[in-house]
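Have a look at the structure below before the remarks.
All values derive from a computational prediction rather than experimental measurement.
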Amino acid sequence: MSMYGRDPWGGPLEINTADSATDDDRSRNLQDLDRAALSRPLDETQQSWLLGPGEQKKKKYVDLGCIIVSRKIFVWTVGTLLVSGFLAGLITLIVKTVPRHHHPHPPPDNYTLALHKALMFFNAQRSGKLPKHNNVSWRGNSCTRDGQGSSTIFKDLSGGYYDAGDAIKFNFPASFAMTMLSWSVIEYSAKYEAAGELNHVKDIIKWGSDYLLKTFNHTADSINTIATQVGEGDTSGGNTSPNDHYCWMRPEDIDYDRPVQTCSSCSDLGAEMAAALAAASIVFKDNKAYSQKLVHGAKTLFKFSREQRGRYSAGGSEASIFYNSTSYWDEFVWGGAWLYYATGNSSYLQLATTPGIAKHAGAFWGGPDYGVLSWDNKLAGAQVLLSRLRLFLSPGYPYEEILRTFHNQTSIVMCSYLPFFTKFNHTKGGLIQLNHGRPQPLQYVVNAAFLATLYSDYLEAADTPGWYCGPNFYSTEVLRDFAKKQIDYILGKNPRKMSYLVGFGNHYPKRVHHRGASIPKNKIKYNCKGGWKWRDTNKPNPNTIVGAMVAGPDKHDGFHDVRMNYNYTEPTLAGNAGLVAALVALSGEKTTGIDKNTIFSAVPPMFPTPPPPPAPWKP
């Protein structure tokens with residue numbers, strides 16, 4: 001019989017019981033022989049062998065009571081211990097007394113420093129009653145009565161964020177901004193944690209989500225109307241009635257009416273709000289009650305967007321002037337993808353991967369703006385989001401065909417960002433022209449930088465070193481370099497040496513198109529036209545709106561720091577959200593990478609359909 005142990009080198013260790021028995025017998029036999037030898041009388045020589053010389057020799061062993069140890073070993077052991085103890089004490093003494101320079105962490109990189117600032121812009125844009133530690137000294141409570149005087153069903157619309165340099169609250173771009181922030185937290189929470197900004201960004205998302213929940217009946221399963229906007233800015237046709245664009249006032253001093261706009265067929269807005277709440281529900285998944293509230297709201301909104309079709313900005317509404325939506329099909333794919341991740345319900349995935357919807361969203365044809373993620377068109381983002389599913393979960397039939405298409409299209413979009421290809425021009429200074437030389441370019445650039453970095457991290461996490469553009473193979477590093485170059489341009493590496501992030505670097509815009517930042521906080525209340533002198537002055541703003549990314553340079557890398565030219569100097573929620581996402585993706589250690597699994601928390605295990613069983617065997 002053999003007993004198997006584990007040999008440290010990997011093979012079985014065999015102990016043969018028969019052998020061990022003979023060993024015992026052998027030792028017994030030897031003892032018997034010894035006894036037999038001692039029972040005979042010994043001659044003198046034998047006695048001398050056993051007893052040795054008569055004089056007392058130094059003992060070779062030390063008796064410690066419980067064990068007997070060789071004297072040599074004992075002396076060496078005690079000696080070694082004493083010497084070791086002395087050396088250890090000496091080293092400790094030297095280490096304690098010699099002055100040291102502490103270097104526990106390397107200094108934060110530029111992207112982390114810029115991230116701290118870019119997040120502060122959202123604090124400066126808060127509307128309503130401000131939280132205790134808002135940390136923007138020149139801001140206070142404002143527009144706390146939004147909704148109260150309106151003829152709509154929405155009586156409490158305080159809170160949320162002002163869109164840009166004015167005091168209008170637009171749900172469409174604000175929802176997109178919240179979706180982008182949530183996406184960046186889901187992918188890079190460890191990087192936010194390392195930068196000490198995780199709680200801050202979650203507060204920003206919660207402030208936005210809480211407001212969105214007020215703009216529809218979030219406890220109902222079905223709705224037929226949502227609030228789309230608070231405040232108005234139409235100054236066309238010589239309109240001089242006080243409103244958020246005609247007047248130049250601190251939001252804290254606003255005394256004119258702020259009308260509420262609603263809509264009942266607005267698929268694009270409903271699906272974007274659904275995406276924002278669904279993404280936020282994953283961010284707050286550890287807060288069960290709040291997360292479920294967000295998921296329920298998202299489902300209600302998505303149902304509304306599917307049942308009551310239409311563009312929210314149709315029919316010459318205010319929204320068509322400022323945030324015109326060109327289509328709602330991209331929001332169906334985007335919202336469907338986010339709801340699938342938030343719920344694990346495959347009906348949302350089926351919808352997001354329906355070829356007809358993807359076709360209407362423009363997934364299968366190029367066009368000049370193909371691959372440009374913006375507050376209007378989310379297709380490029382949705383394709384990256386669904387490529388993630390294929391890369392890590394590989395759901396197989398019936399989704400594989402369309403997911404493979406989205407994955408291929410994402411690869412093509414990533415190729416189009418690279419300077420080796422001519423799909424998009426780059427300025428002489430190196431800024432990619434995603435909006436083909438039209439004004440306000442930076443909001444599109446930051447979104448592309450985020451997608452490029454995120455996609456390169458997806459490929460790394462899937463152990464894929466790169467991707468193909470036609471016959472050429474490019475490494476993931478190429479994508480990261482593209483993103484870095486674009487963000488570095490925004491942070492000051494450009495022909496004008498101008499940082500387009502306010503408060504970052506030494507040279508940044510001082511005349512930002514922003515009412516609150518341009519009017520001093522000095523106990524004086526300037527009325528509607530009273531603030532115009534602050535709008536029109538050439539002096540720098542009295543308040544620095546730290547972290548605001550302005551609209552950006554023109555197609556020749558030129559920039560005019562002029563308050564009244566909003567195409568250069570106005571910041572927006574959507575632009576800053578993309579910047580924050582790109583900065584966190586590039587910040588810190590590259591090895592940190594993405595959080596591969598959190599986004600899939602609600603997704604059930606995927607088992608592709610098994611092949612049919614073989615036909616029964618016949619002889």
Side-chain angles (χ1 to χ4, degrees), residues 119-150 152 154-178 181 200-201 203-216 226-233 242-262 269 273 276-277 280 318-319 322-323 375 512-519 521 525-526 528 531 543 545-548 570-577:
L119 284 165
M120 283 308 296
F121 173 71
F122 292 90
N123 295 47
Q125 293 302 99
R126 278 185 173 141
S127 177
K129 188 176 187 308
L130 297 183
K132 262 207 182 83
H133 306 291
N134 196 47
N135 297 334
V136 181
S137 60
W138 46 273
R139 283 299 326 277
N141 299 340
S142 62
C143 300
T144 52
R145 295 169 52 79
D146 276 357
Q148 280 182 23
S150 83
T152 69
F154 306 105
K155 299 301 180 196
D156 174 16
L157 292 174
S158 66
Y161 294 100
Y162 299 128
D163 172 61
D166 52 24
I168 304 181
K169 297 190 292 202
F170 290 107
N171 273 22
F172 195 51
S175 301
F176 174 68
M178 293 304 114
L181 289 180
H200 185 192
V201 72
D203 281 347
I204 290 169
I205 294 165
K206 188 169 188 304
W207 188 267
S209 303
D210 286 348
Y211 176 72
L212 290 179
L213 289 169
K214 291 179 171 187
T215 61
F216 69 104
I226 51 182
T228 64
Q229 177 184 329
V230 178
E232 65 180 351
N243 73 22
D244 292 285
H245 283 178
Y246 182 74
C247 300
W248 195 268
M249 300 172 76
R250 295 177 71 237
E252 293 79 358
D253 295 337
I254 286 175
D255 53 6
Y256 49 79
D257 282 344
R258 286 167 55 78
V260 175
Q261 318 269 342
T262 61
L269 178 56
M273 286 168 64
L277 297 184
E318 271 243 330
F322 305 112
Y323 285 103
W375 53 260
V512 180
H513 181 95
H514 191 278
R515 285 160 178 76
S518 65
I519 301 173
K521 182 185 180 183
K525 179 178 171 177
Y526 297 95
C528 177
N543 310 308
I545 182 159
V546 172
E570 189 168 24
T572 63
L573 288 178
N576 255 71

Non-neighbouring partners of [X] that pass side-chain contact (heavy atoms from CB on, under 4.5 Å), sequence neighbours left out:
X    : result
P259 : E232
S518 : W248, N541, R563
A548 : F121, V502, I545, P571
F322 : F170, H245, E318

Shortest non-hydrogen contact between [X] and [Y], atoms and distance:
X    : Y    : answer
H200 : L119 : CE1-CB, 3.7 Å
V260 : A227 : CG1-CB, 4.2 Å
M120 : V136 : CE-CG2, 3.9 Å
Y246 : C528 : CD2-SG, 3.7 Å
G128 : T144 : C-CG2, 3.8 Å
G531 : Y526 : N-CB, 4.0 Å

Restricting to disulfide bond (SG atoms under 2.5 Å apart), what partner residues turn up for C143, sequence neighbours left out?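 Result, disulfide bond (SG atoms under 2.5 Å apart) vs C143: none returned.
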When rounded to the nearest 0.5 angstrom, what distance separates [atom1] in [X] from [atom2] in [Y]?
X    : Y    : atom1 : atom2 : answer
M273 : T228 : CE    : OG1   : 9.5 Å
N171 : Q261 : CG    : CD    : 11.0 Å
L573 : F172 : CG    : CZ    : 14.0 Å
W207 : L212 : CH2   : CG    : 13.0 Å
D166 : T572 : CG    : OG1   : 10.5 Å
Y161 : Y211 : OH    : OH    : 12.5 Å

Scan for salt bridge (charged side-chain N to carboxylate O under 4.0 Å, His left out) pairs involving residues 130-142, sequence neighbours excluded, and state none if there are none.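 Every pair satisfying salt bridge (charged side-chain N to carboxylate O under 4.0 Å, His left out) with a residue in residues 130-142: R139-E252.
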How about D257: does its CG atom have over 12 heavy atoms from other parts shown lying under 6.0 Å from it?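 It does not: D257 CG has 12 such atoms or fewer within range.
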Is it true that atom NZ of K525 has more than 12 heavy atoms of other residues, nucleotides or ligands lying nearer than 6.0 Å?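 Correct, the count exceeds 12.
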With side-chain contact (heavy atoms from CB on, under 4.5 Å) as the test, would you mind laying out the steps for I204 and N123 before giving the verdict? CA-CA 8 Å; I204 290 169; N123 295 47; 4.2 Å; yes
So, does K521 use its side chain to make a donor-acceptor pair with the main chain of S137 at under 3.5 Å?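 A pair under 3.5 Å: yes.
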Does any N or O in the side chain of D163 come within less than 3.5 Å of the main-chain N or O of I168, such that one atom is a donor and the other an acceptor?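 No, the answer is negative, given that no donor and acceptor are paired below the 3.5 Å cut-off.
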Could you list the residues that satisfy side-chain hydrogen bond (donor to acceptor under 3.5 Å, both in side chains) with [X], not counting sequence neighbours?
X    : answer
R515 : none
S209 : none
D253 : none

Would you indicate whether the side-chain heavy atoms of L277 and L213 approach each other to under 4.5 Å?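 When only atoms from C-beta onward are counted, L277 and L213 do touch, with a gap below 4.5 Å.
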Do P131 and R126 touch side chain to side chain, with heavy atoms closer than 4.5 Å?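 The answer is yes, as the side chains (C-beta and beyond) meet within the 4.5 Å cut-off.
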Could you check F122 against L181 for side-chain contact (heavy atoms from CB on, under 4.5 Å), going step by step and ending with a plain yes or no? CA-CA 11 Å; F122 292 90; L181 289 180; 4.0 Å; yes
The test is side-chain contact (heavy atoms from CB on, under 4.5 Å); show your working for S158 and Q148 and say whether it passes. CA-CA 9 Å; S158 66; Q148 280 182 23; over 6 Å; no
Polar side chain donor-acceptor pair, N543 to H514, under 3.5 angstrom: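 No.
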Quick one about Y162 and S142 (side-chain donor to acceptor, distance below 3.5 Å, no hydrogens or angles considered), yes or no?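 The answer is yes; a qualifying pair exists.
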Pairing residues for [X] by the salt bridge (charged side-chain N to carboxylate O under 4.0 Å, His left out) criterion, not counting sequence neighbours:
X    : value
D203 : none
D210 : K206
R258 : D146, D244

